[in-house]
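What you see is a predicted model, and the numbers here were worked out from it, not measured in a lab. In what follows, chains are A, B, ... by sequence order, proteins preceding strands, each numbered from 1.
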2 protein chains.
Amino acid sequence: MKTSISVAIVEDKEAIRQSLAILVDGADGFVCRLTFETAEDALDQLAEEPVDVVLMDIDLPGMNGIECVRQLKPRCPQTQFMMCTVYDEDETVFDALKAGATAYILKRSPPHKLLEAITELHEGGAPMSSTIARKIAGSFHVSPTATQELDVLTSREREILDRLAKGHSHKEVANDLFVSPTTVRKHIFNIYEKLQVHSKVEAVNKYLGRK
Amino acid sequence: MKTSISVAIVEDKEAIRQSLAILVDGADGFVCRLTFETAEDALDQLAEEPVDVVLMDIDLPGMNGIECVRQLKPRCPQTQFMMCTVYDEDETVFDALKAGATAYILKRSPPHKLLEAITELHEGGAPMSSTIARKIAGSFHVSPTATQELDVLTSREREILDRLAKGHSHKEVANDLFVSPTTVRKHIFNIYEKLQVHSKVEAVNKYLGRK
DNA sequence: CCGACAATACCGCATTTGTATGATTTTTAG
DNA sequence: CTAAAAATCATACAAATGCGGTATTGTCGG
């Protein structure tokens with residue numbers, strides 16, 4: 001038989017923490033190893049005794065769950081973090097993902113869904129509610145006007161813009177491409193006109209699709 | 001009773017196209033409205049007769065499925081696009097998402113999974129295979145060193161850096177924050193020292209966590 | 001062949017920016 | 001309270017940049 005998935009729970013509300021622990025520990029193939037009331041407590045111990053999966057509440061007194069993940073993830077990279085929240089609208093999803101969380105589910109998920117999610121997370125997936133998933137997928141969407149704008153650039157101009165994006169100066173680009181600095185400046189000037197911007201940072205932002 | 005989910009299929013291989021069509025059309029609550037052999041054909045008609053969900057093969061002769069989505073999505077924004085592929089390793093996922101696709105599944109998925117995915121997509125989700133989901137979640141992950149570097153900045157410095165990231169000049173930032181331009185320059189200089197960079201673009205790149 | 005466009009290059013000017021030094025005032029932390 | 005850190009401002013200079021005009025060469029489609 002396979003070894004159980006070891007789980008830790010970080011949740012300030014006594015009742016929820018208890019019921020989560022009982023749910024996980026009672027299910028076949030899972031074992032609830034540790035529970036914590038605060039992020040600070042979790043930080044101390046989880047680094048010492050890593051588990052497979054951590055269920056992390058976001059709204060915690062003191063340090064919040066996202067910050068906790070940010071600090072814990074580098075110290076136990078093999079542990080997977082699942083954020084648990086009551087909101088599914090929030091921008092916090094992205095912060096959580098940046099911090100190193102891999103899953104993001106709603107507290108109101110039915111018990112069997114929660115267990116499924118833990119399993120999926122442990123097996124290499126990234127379970128999240130459908131609205132969250134949609135939000136994430138949508139965040140990649142590049143507005144057609146953005147890519148269209150780049151289409152007006154010539155390949156040479158794109159080449160130069162790409163180097164500007166890396167933080168190179170006129171001179172460096174010129175040396176890189178074996179052309180005169182004035183040529184590069186002319187190109188950049190043309191790029192600005194086409195993209196309707198007036199500085200490197202603005203041009204690079206458009207190029208990289210940042211707003 | 002609810003109206004069925006209308007589906008279109010874009011797939012060059014006859015056999016696959018047929019069996020997909022039969023699967024979808026045969027299932028309760030789905031109707032396969034259109035099928036296409038090439039991206040070009042789909043482009044012509046789908047703009048006229050939008051459907052709820054399009055199953056889009058990526059490897060197509062001529063225009064590929066991603067480019068097809070890119071052109072089609074702006075013209076029928078209410079339509080959801082589900083990419084179908086044999087690979088799940090590829091970087092093409094990100095291109096597909098950027099182009100406007102919302103789901104990304106493997107061709108080898110069992111029939112009932114496919115129908116489930118169509119339903120989920122239509123109801124506001126973003127179904128994708130677990131390895132894909134993991135890859136996407138991971139793409140958000142900011143390396144701890146990157147955030148650590150930003151930690152050495154004071155809140156004022158971050159405030160200024162944030163405005164530089166938007167393409168503002170020294171003067172604009174100064175006006176924004178009601179301080180003298182020389183102060184802003186001093187701050188920027190300090191930022192450069194702390195981040196070990198020598199230009200706006202480099203600083204902004206570090207700030208926004210891209211190399 | 002011709003016109004449009006891309007790539008190359010130069011000159012020049014005003015402004016912005018990067019760097020350096022120094023100083024004063026607030027805020028913060030021990 | 002006191003020392004350290006942060007925020008403020010000034011002055012100065014050289015380099016980089018943004019903006020404008022002009023010109024030559026090569027390529028490509030009509």
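We find that NZ of Lys171(B) is positioned 18 Å from P of dT17(D), with the value rounded to whole Å. Glu159(B) places its CD atom 15 Å from the P atom of dA6(D), with the value rounded to the nearest Å. Put simply, CD on Glu202(A) is 14 Å from C1' on dT17(D), counting in whole angstrom units. Here dA20(C) presents its C1' atom at 12 Å from CG of Asn190(B), a figure rounded to the nearest Å. dT16(C) atom P lies 14 Å from atom CG of Leu164(B), rounded to whole Å. Remark: C1' of dC9(D) and CG of Leu177(B) are 15 Å apart, rounded to the nearest angstrom. Here the P atom of nucleotide dT17(C) and the NE2 atom of His168(B) are 12 Å apart, to the nearest Å. Computed from coordinates, the Asp151(B) CG to dA6(D) P distance equals 13 Å when rounded to whole Å.
Electrostatic pairing of Asp162(B) and Lys166(B) counts as a salt bridge here, judged by a charged N lying under 4.0 Å from a carboxylate O.
Comparing dA10(D), dA7(C), dA7(D) against the side chain of His187(A) picks out dA7(C) as the nearest. For Arg156(A), counting side-chain heavy atoms from C-beta on, the closest listed nucleotide (dT11(D), dA7(C), dT8(D)) is dA7(C).
In summary, the aromatic rings of Phe94(A) and Tyr104(A) are positioned with their centroids too far apart to meet the 6.0 Å limit.
Counting non-hydrogen atoms under 4.0 angstrom, Thr183(B) reaches a base of the nucleic acid. Within 4.0 Å (heavy atoms only), Thr182(A) reaches at least one base atom of the nucleic acid. Among the heavy atoms of the strands lying under 4.0 Å from Ser169(A) are primed sugar atoms or P, OP1, OP2 only; no base atom is included.
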Q | Under 4.0 Å protein heavy-atom contacts per nucleotide of nucleotides 18-30 of chain D, with B for base, S for backbone only and - for none | A | BBS-B--------

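Applying the side-chain contact (heavy atoms from CB on, under 4.5 Å) criterion to Val179(B), with sequence neighbours excluded, gives Arg156(B), Leu177(B), Thr183(B), Val184(B).
Within the structure, the salt bridge (Lys or Arg N to Asp or Glu O under 4.0 Å) test picks out the following pairs touching residues 43-58 of chain B (sequence neighbours left out): Asp57(B)-Lys107(B).
Here the CG-OG1 distance, from Asn64(B) to Thr92(B), works out to 9.5 Å after rounding to the nearest 0.5 Å. If you take OG1 on Thr35(B) and CZ on Arg17(B), they are separated by 5.5 Å, rounding to the nearest 0.5 Å.
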Q: With side chain to side chain contact (heavy atoms under 4.5 Å, CB included) as the test, would you mind laying out the steps for Lys194(B) and Leu153(B) before giving the verdict?
A: CA-CA 7 Å; Lys194(B) 289 182 180 178; Leu153(B) 300 181; 3.8 Å; yes

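Side-chain nitrogen and oxygen atoms of Thr154(A) include at least one within less than 4.0 Å of the OP1 or OP2 phosphate oxygen of dA7(C).
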